[in-house]
> 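Take a look at the following structure, please.
Positions are given from 1 along the sequence.
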Amino acid sequence: QVQLVESGGGLVQAGGSLRLSCATSERTFDTYAMGWFRQAPGKDREFVASINWSGDRTFYADSVKGRFSISRDNIKNTVYLQMDSLKPEDTAVYSCAARGGAKAGIEPYEYDYWGQGTQVTVSS
């Protein structure tokens, strides 16, 4: 089973930045597409960004385009989510997910493995 561990969440003011990391010990990490999702209390899980196995294809939700950037380091077995110009509506638990097959998806059901999540809170 692939295990994913997120880190980097915290409390920031609106307009600030955070970089989330998702690390795994899975030695075949470079065969998985990776995604970031978020969920606020009382709301459905929402797609944020995804990246294919090689890092040359990325996808973003319209709500974060131009503000967030996903990247990966297959040597370190880590995927990142750089979040700039944060808004209060970005407040949520952010989870990373892994998808076998290497193609990046935008739907939660397309992903096979999930981390436990990290809290991001943006104050106004």
> So, does Asn52 use its side chain to make a donor-acceptor pair with the main chain of Ala33 at under 3.5 Å?
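Not at all, since once roles are kept as given, no pair shorter than 3.5 Å links the two residues.
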> Taking all heavy atoms of Thr31 and all of Trp53, pick out the closest pair and write down the distance.
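Nearest pair, atom of Thr31 first, then Trp53: C-CB, 4.2 Å.
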> Can you see which heavy atom on Ala92 is nearest to which on Ala40, and at what distance?
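Minimum heavy-atom separation between Ala92 and Ala40: CB-N, 3.9 Å.
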> Whether Asp90 and Arg38 form a salt bridge (side-chain N of Lys/Arg under 4.0 Å from carboxylate O of Asp/Glu) is what I want to check.
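Counted as a salt bridge, because a side-chain N and a carboxylate O are separated by less than 4.0 Å.
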> Run Glu46 and Ser63 through side chain to side chain contact (heavy atoms under 4.5 Å, CB included) and show every step you take.
CA-CA 10 Å; Glu46 177 187 16; Ser63 60; 3.6 Å; yes
> Quick one: closest heavy-atom pair of Phe47 and Ile106, and the distance?
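Taking every non-hydrogen atom into account, CB-O, 3.3 Å.
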> Hey, does the side chain of Arg67 reach the backbone of Ser85 with a donor-acceptor pair shorter than 3.5 angstrom?
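It does hold such a pair.
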> Between the side chain of Thr78 and the main-chain N/O of Lys76, is any donor-acceptor distance below 3.5 Å?
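Yes; at least one donor-acceptor contact below 3.5 Å.
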> Distance from Phe68 atom CZ to Asp84 atom CG, nearest 0.5 Å?
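Here the interatomic distance stands at 8.5 Å.
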> So for atom CD, which belongs to Gln119, do other residues, nucleotides or ligands contribute more than 12 heavy atoms lying within a distance under 6.0 Å?
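Yes - once you tally the heavy atoms of other residues, nucleotides and ligands closer than 6.0 Å, there are more than 12.
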> Apply the side chain to side chain contact (heavy atoms under 4.5 Å, CB included) test between Asn77 and each candidate in Thr24, Leu4, Asp30, Thr28; give the one that qualifies.
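For Asn77, the side chain to side chain contact (heavy atoms under 4.5 Å, CB included) check succeeds only for Thr24.
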> Evaluate the side-chain proximity of Leu18 to Leu86: yes if any heavy-atom separation is below 4.5 Å, no if none is.
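A side-chain contact under 4.5 Å exists here.
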> Report, as yes or no, whether the 6.0 Å neighbourhood of atom CD on Gln116 holds more than 12 heavy atoms from other residues, nucleotides or ligands.
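Incorrect, the count does not exceed 12.
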> Within a radius of less than 6.0 Å around CG of Asp44, do more than 12 heavy atoms belonging to other residues, nucleotides or ligands occur?
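No.
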> Please determine if Arg45 forms a cation-pi arrangement with Trp114, meaning its NZ or CZ atom is less than 6.0 Å from the six-membered ring centre and no more than 45° off the ring axis.
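Satisfied, under 6.0 Å and within 45°.
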> What is the minimum heavy-atom distance between Ser17 and Gln82, and which atoms define it?
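Minimum heavy-atom separation between Ser17 and Gln82: CB-NE2, 4.1 Å.
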> Over 60° means perpendicular and under 30° means parallel, so tell me whether Tyr32 and Tyr113 are parallel, tilted or perpendicular.
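If you compare the ring of Tyr32 with that of Tyr113, the planes turn out perpendicular.
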> Could you give the distance from CZ (Arg72) to CE (Met34), rounded to the nearest 0.5 Å?
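Reported value, rounded in 0.5 Å steps: 6.5 Å.
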> Is a side-chain N or O of Glu6 found less than 3.5 angstrom from the main chain of Gly117, in a donor-acceptor match?
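Yes, the answer is positive, given that a donor and an acceptor are paired below the 3.5 Å cut-off.
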> So if you build clusters from Ile, Leu, Val, Met, Phe, Trp, Tyr with side-chain heavy-atom gaps below 4.5 Å, do Val93 and Ile70 land together?
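Per the 4.5 Å side-chain linkage, Val93 and Ile70 are not co-clustered.
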> Same cluster or not: Met83 versus Tyr80, using hydrophobic residues (I, L, V, M, F, W, Y) connected whenever any side-chain heavy atoms lie under 4.5 Å apart?
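In one cluster with Met83: Tyr80, no.
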> Considering all heavy atoms of both residues, which atom of Val122 and which atom of Thr91 are nearest to each other, and what is their separation?
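For Val122 versus Thr91, the nearest heavy atoms are N-OG1, 2.9 Å.
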> When hydrophobic residues are tied together by side-chain contacts of less than 4.5 Å, even through go-betweens, does Val12 share a cluster with Leu81?
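Cluster IDs for Val12 and Leu81 match.
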> Would you mind telling me which of Phe37, Trp36, Tyr60, Tyr111 makes a side chain to side chain contact (heavy atoms under 4.5 Å, CB included) with Ser50?
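For Ser50, the side chain to side chain contact (heavy atoms under 4.5 Å, CB included) test succeeds with only one of Phe37, Trp36, Tyr60, Tyr111, which is Tyr111.
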> If you measure from CG on Leu20 to OG on Ser95, what distance do you get to the nearest 0.5 Å?
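Reported value, rounded in 0.5 Å steps: 10.0 Å.
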